[in-house]
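Data block below; observations after.
In this text, all values refer to a predicted model and were calculated from it rather than measured experimentally.
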Amino acid sequence: MDRYLVFGHPVRHSKSPFIHTLFARQTQQELEYGLAEPAVDEFAQDLRTFFDQGGKGCNVTVPFKEQAFTLVDCLSPRAKRAGAVNTIKLTDDGVLLGDNTDGAGLVADLKSHGVTLADSRILLLGAGGAARGALAPLLAELPSELVIANRTHTKAQQLAAEFCDLGPVTAQTYEQLAGLFDLVINSTSASLQGELPPLAPALIHTDIAIYDMMYGASDTAFISWAKQHGARQTMDGLGMLVEQAAEAFTVWRGIRPGTKQVLRELKRNLGVI
C-alpha cells in the first residue's frame, strides 16, 4: 500500500491524517497516511529514509517548509515563488518534486465563501512564510491592489518588491493604512497566542471580508475583534487546511477529491458543529 506522511514538529495535533484518509476513501485510493515528528536537526535524514523505504509522498509543515525547499530535486513554479515546500512527491522516474499548495488552498477557500478577488482591494497582514505562499495565487486573481502590512516594515517592503512583477502589490505601515479594503487576510500567527495585529478599528466596515489563516474550535482573537467592529463576513483557516490538502492529494494521485463533506466531518471532529 502506498505510504504518505506529514512531517512537522510538533505534529501530533495535525488533522492531515484525518483529512487524507477521508479523501482516499472518497476517491477509492489505497493509501495510508501517518505522522512523523523528527527532531529539527534530523528532518533531512528522516525524509531521505522515508523515500528510500518506499514512501510515495509527504506533506511538510512548521518548522520544516524552508528546509524542504533545499532538499528536493526540483521545484514547481509556485514552490519557487513561495520559497517553501509543503508537498513532496516521488515521481515515477525517482525525482523528488517539491510543491507548495498553501496559496492555492487559500484562494479556493475564499472562492468557496463567495469572496470576489478580481478588482478587489486586499490587505495582507504579515510578511512571513504564510504571506509569501499566498501572494502569487492572490495576485493571479487580478486584484486592483494588494497591500502588505507587517510590524517590521522592511520585511513587507522586501516582499512587495519581490512580487511586484506579478501585480499591483505595495507595502505600508499599519499607521499608513487608509481607505476601503474589500478583504483583509491575517497571515500572522498572533491568533495562536490570543493576540491581535495592530490594525485600526476604523478600517473595518460591514461589507469587508475578514480571513484568519489560523483556526480553532471557536473564533480566533482576530475574528472576534473584527466582528465586534462590524464585520459581517468572517472566515478562519480550516477551509484552507482542507483545500490545500486536496491540492496536495491531486499532486500525488492525479485525482481531485471533493472538499465540502470532508470539511463538515473535520468541523464535527473539532467540535465546531
Handout entry: Candidate pair Leu5 and Tyr33, rule side-chain contact (heavy atoms from CB on, under 4.5 Å), full reasoning
Key = CA-CA 5 Å; Leu5 286 177; Tyr33 190 108; 6.0 Å; no
For [Y], does its backbone N or O pair with a side-chain atom of [X] as donor and acceptor, under 3.5 Å?
X      : Y      : result
His113 : Val115 : no
Glu247 : Thr101 : no
Gln233 : Asp207 : no
Thr91  : Val95  : yes
Ser224 : Ala221 : no
Ser14  : Ser16  : yes
Thr152 : Lys155 : no

With a 4.5 Å limit on heavy-atom distance, are the side chains of [X] and [Y] in contact?
X      : Y      : answer
Pro63  : His9   : yes
Arg132 : Leu159 : yes
Leu177 : Leu203 : yes
Leu110 : Leu138 : yes
Pro201 : Trp225 : yes
Leu96  : Leu90  : yes
Leu31  : Trp252 : no
Asp182 : Ile208 : no

Atom pair [atom1]/[atom2] of [X] and [Y] - distance to nearest 0.5 Å:
X      : Y      : atom1 : atom2 : value
Ile185 : Phe222 : CD1   : CZ    : 10.0 Å
Lys260 : Arg264 : NZ    : CZ    : 8.0 Å
Thr188 : Leu196 : OG1   : CG    : 9.0 Å
Thr220 : Asp236 : OG1   : CG    : 7.0 Å
Leu123 : Leu180 : CG    : CG    : 12.5 Å
Met213 : Leu125 : CE    : CG    : 10.0 Å

Handout entry: More than 12 heavy atoms of other groups within 6.0 Å of Asp93 CG
Key = yes
Practice task
Inspect the surroundings of CD in Gln193 and state if more than 12 heavy atoms from other residues, nucleotides or ligands are less than 6.0 Å away.
Solution key: yes
Looking only at heavy atoms, which two atoms of [X] and [Y] are closest? And how far apart?
X      : Y      : result
Leu199 : Ile204 : CD2-CD1, 4.4 Å
Met240 : Asp109 : N-OD2, 3.3 Å
Arg121 : Ser144 : N-OG, 3.8 Å
Gly126 : Asn150 : CA-OD1, 3.4 Å
Tyr211 : Leu183 : CB-CD1, 4.4 Å
Ile19  : Val262 : CG2-CG1, 4.1 Å

Exercise for the section: Let me know which of Asn59, Asn86, Thr87 forms a side-chain hydrogen bond (donor to acceptor under 3.5 Å, both in side chains) with Gln244. Expected result: Asn86
Handout entry: Audit row: Asp102, Lys65, side-chain contact (heavy atoms from CB on, under 4.5 Å) steps and yes/no
Key = CA-CA 11 Å; Asp102 285 332; Lys65 291 183 183 183; 2.8 Å; yes
Practice task
Output, in order, the C-alpha distance, side-chain angles, deciding distance and verdict of salt bridge (charged side-chain N to carboxylate O under 4.0 Å, His left out) for Arg78 and Asp99.
Solution key: CA-CA 7 Å; Arg78 58 190 178 184; Asp99 201 351; 2.7 Å; yes
Exercise for the section: Say whether Ser191 and Asp212, considering side chains only, have a donor N or O and an acceptor N or O under 3.5 Å apart. Expected result: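 Looking only at side-chain atoms, Asp212 and Ser191 do form a donor-acceptor pair, the distance falling under 3.5 Å.
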Practice task
Among Thr49, Leu47, Asp41, find the residue that satisfies the side chain to side chain contact (heavy atoms under 4.5 Å, CB included) test when tested with Gln45.
Solution key: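 Exactly one option meets the side chain to side chain contact (heavy atoms under 4.5 Å, CB included) with Gln45, and it is Thr49.
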Exercise for the section: For side-chain contact (heavy atoms from CB on, under 4.5 Å), just list the numbers for Leu146 and Leu124, CA-CA rounded to whole Å, side-chain angles, deciding distance to a tenth of an Å, and then say yes or no. Expected result: CA-CA 7 Å; Leu146 195 156; Leu124 179 61; 4.1 Å; yes
According to a hydrophobic-cluster definition based on side-chain heavy atoms being under 4.5 Å apart (Ile, Leu, Val, Met, Phe, Trp, Tyr only), do [X] and [Y] belong together?
X      : Y      : value
Val147 : Ile122 : no
Leu266 : Tyr4   : yes
Ile223 : Leu238 : no
Met235 : Val184 : no
Leu97  : Val85  : no

Problem - From CA spacing to verdict: side-chain contact (heavy atoms from CB on, under 4.5 Å), Lys89, Lys56 - result: CA-CA 6 Å; Lys89 174 184 179 178; Lys56 294 294 186 180; over 6 Å; no
Exercise for the section: Taking only Lys NZ, Arg NE, NH1 and NH2, and the carboxylate oxygens of Asp or Glu, determine whether Glu162 and Arg81 approach each other closer than 4.0 Å. Expected result: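 So Glu162 does not pair with Arg81 through a salt bridge.
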Practice task
Kindly state whether the ring of Phe23 and the ring of Phe249 have centres lying under 6.0 angstrom apart.
Solution key: yes
Practice task
Over 60° means perpendicular and under 30° means parallel, so classify the ring planes of Phe43 and Phe64, tilted if in between.
Solution key: parallel
